[in-house]
Amino acid sequence: MPRKAGCFKPGKIPGPNETPQSHGIHVYLFWTKGGERYLSHTSGDVTAEGLCISAAEAVGITPLCHVLFALYNPQTKYWYSPNHVFSPDENSSEVVHYCMRFYFRNWHGLNEKEPTVSRHTLKSGTDNNTGSPLLDITSLEYLFAQAKHEFVNNVEEPKSDEESNRFKNESLGMAVLHLSHLAMQKGLNLQDVAGKTGSVLTGYFQNCIPRTFAENISRDNFLTKIRIRRVFTEFVQTFQQHTVDKGQLGAHEIMYKYISTLENLVPSFGTETFSVTRLQLTEDGDESISYSINESDGDSKKGFRAPFTHEIMVSGTKGIQFRTLKTQKENSYHRGSYVNEKTPKQSTSNPPDKWTFFCDFREIIHIAITEANVCISTQNSHCMEVQMNSSQEARSFISLLDGYYRLTADAHHYLCHEVAPPRVVLSEANMLHGPMQ
């Protein structure tokens, strides 16, 4: 769908907790070279794909990395499919986040225990076909800003004492990396920037650690605050003397280290988990399974919502996994944050909390959707049928699978027409794909 000239305009975010007051669709940008923090579309229909292209152009992300990004609504906690149509009017205003949604762990290659992910390149006689980096520099800058936002706003401190102590120490280390990058950008000494924190509850420091950690510090006694400040100061001094002063890390290396540390500290980073009210596995030809209208939709007027029975976790490197919930969870709301810690189930014979692999994206041949019901068909004639909380969540779920399929299997086709990117549909309709004849 064409974008009308003059519909988009850059602007400054009024404040961290404020939203633009004007009508339209406002796309929040975590980072840009020129300082713009959102783009506004105020008139005419526009697709999510069109908004993403405009956002990528404003940030400076190359077309090669466009497909890694999508639009996320932080209020509803749903992602929009590329073909979703926004129709702003004078009485509506909506803020969405432009985020890297499709993520592959260890793309940076810093974790020796996991395979390195790289972009496929054509073979040539001068290289060994090791692949090219997954991200361009601008995408790295944007991911770094997004990761900092997720770490501060969406990561929660563990409950157990052992895990909590490790989390606090790692969080202090993350804060040092955050401040080190800020010092390099401003041309300042790390200790000078860190020294401006004064108290551990003020200054830059509070914006570098998870909010739950900061809230707990505010409730700690005076001696505990002194101990945290001492540990943080030691971290800064050690990092300055043994790393920064020796020139071992540049700005890009700090970003790699920050994201790598976040992957280890929060294993769910870059994954998405969906709670479902029904999950069944079948093989083609099995007539015992049929779709039913989502009970949570039909009975919500009566005050009843079907409980969640399974969780499904989608990861760029591990495909689709599922598990049975230990106890049926009350159906309240889907938590669709980029950072989450949940997953799905299969048959009742599987032990609770144990993740079971269903398939990789390359194995999927088709996805069907009926209201909130989704059926995923694979090459080996297996089917996963799930009933989700709503049709909007179902579209969010299958657009995730559809996007990973194009990134890992076939860049020119789609698995489900209901969520397919308009440009891919147009290219396929006009046979603008595949090798030249």
Side-chain angles (χ1 to χ4, degrees), residues 13 15-18 30-31 110 141 143-269 337-339 341:
I13 283 290
N17 298 315
E18 302 176 27
F30 291 106
W31 178 90
L110 297 183
E141 292 272 11
L143 174 61
F144 178 57
Q146 180 180 326
K148 290 187 294 183
H149 175 88
E150 292 290 345
F151 180 62
V152 171
N153 295 282
N154 295 330
V155 174
E156 296 183 358
E157 185 175 338
K159 301 299 182 183
S160 70
D161 291 340
E162 181 179 353
E163 292 181 351
S164 179
N165 289 334
R166 172 179 174 268
F167 176 84
K168 291 177 180 178
N169 286 332
E170 292 286 357
S171 294
L172 295 178
M174 297 276 284
V176 172
L177 291 171
H178 187 151
L179 293 175
S180 296
H181 186 267
L182 181 63
M184 288 186 179
Q185 297 297 102
K186 294 180 174 293
L188 300 174
N189 183 280
L190 170 59
Q191 290 176 291
D192 292 338
V193 173
K196 293 181 180 180
T197 61
S199 165
V200 294
L201 296 177
T202 61
Y204 294 127
F205 178 79
Q206 192 175 14
N207 296 322
C208 299
I209 60 175
R211 293 188 183 278
T212 54
F213 185 16
E215 291 170 358
N216 289 338
I217 292 177
S218 67
R219 293 190 291 266
D220 286 336
N221 59 46
F222 178 76
L223 293 178
T224 300
K225 292 176 182 178
I226 291 296
R227 182 185 63 81
I228 293 174
R229 182 178 180 182
R230 186 185 72 249
V231 171
F232 178 68
T233 301
E234 291 175 354
F235 276 6
V236 169
Q237 292 175 344
T238 301
F239 195 77
Q240 177 74 51
Q241 296 172 4
H242 300 285
T243 304
V244 177
D245 290 346
K246 294 183 178 180
Q248 294 182 0
L249 287 180
H252 293 162
E253 288 76 17
I254 287 178
M255 289 188 284
Y256 293 150
K257 180 64 176 175
Y258 186 96
I259 296 170
S260 173
T261 303
L262 183 57
E263 286 182 358
N264 293 324
L265 182 61
V266 186
S268 61
F269 177 73
S337 171
Y338 191 72
V339 172
E341 196 74 40

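Throughout, residue positions are numbered sequentially from 1 according to the sequence presented.
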Can you confirm whether [X] sits close enough to [Y] that some side-chain heavy atom of one is under 4.5 Å from a side-chain heavy atom of the other?
X      : Y      : result
Val155 : Phe167 : yes
Phe235 : Leu179 : no
Val176 : Phe232 : yes
Arg211 : Val152 : yes

Under the ring pair (Phe, Tyr, Trp, His ring centres under 6.0 Å) rule, what pairs show up with a residue in residues 241-262, not counting sequence neighbours?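 Passing the test, one end in residues 241-262: Trp107-Tyr256, Phe144-Tyr258.
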
List the atom of [X], the atom of [Y], and the distance in Å for their closest heavy-atom pair.
X      : Y      : value
Leu249 : Met184 : O-CE, 3.2 Å
Ser171 : Ile209 : O-CG2, 4.1 Å
Phe151 : Cys208 : CE2-O, 3.6 Å
Ala251 : Gln185 : CB-OE1, 4.3 Å

If you count the non-hydrogen atoms of other residues, nucleotides and ligands that lie under 6.0 Å from CD in Glu156, is the total more than 12?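 Open: at most 12 neighbouring heavy atoms sit under 6.0 Å from CD of Glu156.
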
What's the separation between atom [atom1] in [X] and atom [atom2] in [Y], rounded to the nearest 0.5 Å?
X      : Y      : atom1 : atom2 : result
Leu177 : Glu253 : CG    : CD    : 12.0 Å
Gln191 : Gln237 : CD    : CD    : 5.5 Å
Leu172 : Ile228 : CG    : CD1   : 7.0 Å
Leu182 : Leu188 : CG    : CG    : 8.0 Å
Leu143 : Glu150 : CG    : CD    : 10.0 Å
Asn154 : Thr212 : CG    : OG1   : 10.5 Å

Closer than 3.5 angstrom, by distance alone: can the side chain of Ser260 be matched with the main-chain N or O of Lys257 as a donor-acceptor pair?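 Side chain of Ser260 to backbone of Lys257: no pair is present.
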
Residue pairs fulfilling salt bridge (Lys or Arg N to Asp or Glu O under 4.0 Å) with at least one residue in residues 159-177, sequence neighbours excluded: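 Applying salt bridge (Lys or Arg N to Asp or Glu O under 4.0 Å) to every pair that reaches into residues 159-177, excluding sequence neighbours, yields Glu157-Lys168.
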
Evaluate Thr233 against Arg230 for side-chain contact (heavy atoms from CB on, under 4.5 Å), listing each step before the verdict. CA-CA 5 Å; Thr233 301; Arg230 186 185 72 249; 5.7 Å; no

So, using ring-ring contact (aromatic ring centres under 6.0 Å, His included) as the criterion, who are the partners of His178 when residues are at least two apart?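 ring-ring contact (aromatic ring centres under 6.0 Å, His included) list for His178, sorted by chain: empty.
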
